[in-house]
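A quick write-up on the structure given underneath.
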Amino acid sequence: MDENNEKVYDSSSIQVLEGLEAVRKRPGMYIGTTDVKGLHHLVWEIVDNSIDEALAGYCKNIEVIINKDNSVTVKDDGRGIPTEIHPKTKISTVETVYTVLHAGGKFGGGGYKVSGGLHGVGASVVNALSKWVEVKVYKNGEVNFIRFENGGHTVEPLHVIDKCSIERTGTTVTFKPDPEIFDTDIFDYNTLMVRIRELAFLNRGLSLTIRDDRDLEDTTGETFLYEGGISEYVKFINKEKTPVHDEIIHLEGEEDGVFFEVAMQYNTSYNDNIYSFVNNINTHDGGTHEEGVRRALTRVINAYARKNNILKEKDEALTGDDVKEGITMIISCKHPNPQFEGQTKGRLGNSEVRKLADNVFSQGFERFLLENPDSARAIINKCLLACRARNAARKAREITRKSDLATTNFFGKLSDCKSKDPKVSEIFIVEGDSAGGSAKKGRDSMTQAILPLRGKILNVEKARLDRALSNEEIRTIITAFGTGIGEEFDLSKLRYDKIIIMTDADVDGSHIRVLLLTLFYRFFKPIVEAGHVYAAQPPLFRIMHGKTRKYVLNDEELEEYLKSLPENVRSRAEIARMKGLGEMDAEELNETTMDIEKRVLRKITVSDCVAADAIFEKLMGDEVEPRRKFIEENAGYVQNLDI
Ligand code: 1YM
């Protein structure tokens, strides 16, 4: 210690701290962001080490605990991080792994067979960005302990604190993110749970538990263990859907240390859910593993259909789009040396995987079709229907395009804004003509367009593109957006930066909102993903006292606002419940819901496609019971909705 009672470091530890200091200076370079997403990234860095240990064949159980103080503990029953003095750094290997940037697997001697690659930045980054970190290693009948503080300073070097049974091995890490680095320090249980569950699906036989100790009622947590692996993932995604065939097709193969597997099942919906992973990382932009499967799927189905004379000689071949309608598919590849490509590194580049995926899939799937002729028939029929619908949709689209250009009908509905600059333009989709009228008067006509909806829009969950295109309201929306639809969709042609759904806060309003969201999610997903869709929040109450007019969104805000008033003002305040958009005059509507300065918008996101899909399925699909249950659980005021 020096005279200020601060620890004095020798030159090698100074180098180490300079490394960690670099992480603290530019955390974004190591974990992407310092928002909630970055915060959760810390957990994945640590969990990845346990998963790697599981992939190496030494670990069967992993546990994640959110502690009361918002620190997180990750436990595994692997071999335990090596504790010996490391020959290069002259400190224990655990300490090296937690203090030297990019140490990780390189120091392990054996190294990992398969590793996340992207997530490999590792334990030292978590240490650098934490207020404190404690590591316990169970090994050789001893519990070894080390503690770091304030961005990776070792305050207790590795020492034995206890004995344990000789059979007990593993690593336990607890860390508390540094609030000076992160915008928030509150972990979200659901975010962690969804990914933990996904990791359990992707690594069959591995048990993953998550527990929230901040929640007094959660004493056991949830354990995810799937012996069926990705087959069970497919079953899970298809839970609310109607399958086209009973079996879940599961195929796998290995070559030169590359493991490839795929699980799939068709359902009666018109959408595909294809998710692919490499070393447990979602490859959002696909890549060679996905290409191999898609190519083989199209080829095998066409060959089978031709051979059995379901597709006649004169018939055109089924396309990739036809054969993927209604498919749920998980593709998982474990690769010792993955090449991630593209701007977001979400694409697998290794070319040898294309061949492996194609071989494994085509051989296995061909065999499945031969052995299960009834299922084969059902699958091919589904693809043929998709093909016919695609052709019908093309014709309908051609008609739509012509009629919209030719008639003034469309322009009679839309009150467009004067600006032609999409960056500043917004469109309000408004329920009903009367609200449309006040919105039109109350808008800023320079940047705000109004599209009143007259009829009910079609429930697209139950309709293919061709039927959707025959619905006038939907055609108007497509024309207004400017992006086209289906194969022609082009996000760069979107005419508005914000698409704002403005509906009443009642049952009809929420029904229309859900119909619109279904439409957007199914046919304009990139618009939702790019964050262009919003819900306007019209106020529920108006409070008047003296010359003051105040609007609030809900009961809680009303109560809060009233509490804030002095007693004599409160008792004389006039409270009016706003009945609907139509009853507000133009000025009121502008002031409360449309004015860029004053309004409150809620951004509509698709954060978890699987979850969102399930919600739409529940709300809009054929099955009445889950829909009723969902609505009961999620929206008190929608209870009377006619389902
Ligand atoms: C809760 C976090 O870190 N588990 C873990 C990490 C390692 C090992 C086992 C391990 C790896 C190897 C050999 C090897 C790590 N070791 C290293 C290094 N859980 C958690 N479990 N023995 C044990 O890769 O050869 C880095 S991570 F580099 F020290 F070997």
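Read the numbers this way: they start at 1 and go in the same order the structure lists the ligands and their atoms.
- Phe175 and Phe187 have perpendicular rings, their planes meeting at more than 60° on a 0 to 90° scale where under 30° would count as parallel.
- Heavy-atom proximity to Asn49, at under 4.0 Å, picks out these atoms of ligand 1: 3 (O), 20 (C).
- Qualifying ring pair (Phe, Tyr, Trp, His ring centres under 6.0 Å) partners for Tyr226, counting only residues two or more places apart in sequence or in other chains: Phe201.
- In this comparison of Val100, Thr93, Thr172, Thr73, the heavy atom closest to atom 29 (F) of ligand 1 sits on Thr93.
- Defined by atom type and a distance below 3.5 Å, a donor-acceptor pair is present between the side-chain atoms of Asn267 and Asn238.
- Under 4.0 angstrom from ligand 1, the non-hydrogen atoms of Asp76 all belong to its side chain.
- A donor-acceptor contact closer than 3.5 angstrom links the side chains of His289 and Thr283.
- The closest side-chain donor-acceptor pair between Thr96 and Thr89 falls under 3.5 angstrom.
- Which parts of ligand 1 touch Val173 is read off a 4.0 Å heavy-atom cut-off, strictly below it: atoms 1 (C), 2 (C).
- Backbone and side-chain nitrogen or oxygen atoms of Tyr98 are examined, and none is located within less than 3.5 angstrom of a nitrogen or oxygen of ligand 1.
- The atoms of ligand 1 that sit less than 4.0 Å from any heavy atom of Ser50 are 1 (C), 2 (C), 19 (N).
- Ring geometry for Phe236 against Tyr233 counts as tilted: the plane angle lies between 30° and 60°, on a 0 to 90° scale.
- Scanning Ala54, Pro82, Gly122 for the heavy atom closest to atom 16 (N) of ligand 1 points to Pro82.
- Counting only distance, with no hydrogens or angles, the side chain of Arg24 and the backbone of Ala128 share a donor-acceptor pair below 3.5 Å.
- Proximity to Val74 (heavy-atom distance under 4.0 Å) selects the following atoms of ligand 1: 1 (C).
- When each atom of ligand 1 is checked for a heavy atom of Ile46 under 4.0 Å away, the hits are 1 (C), 2 (C).
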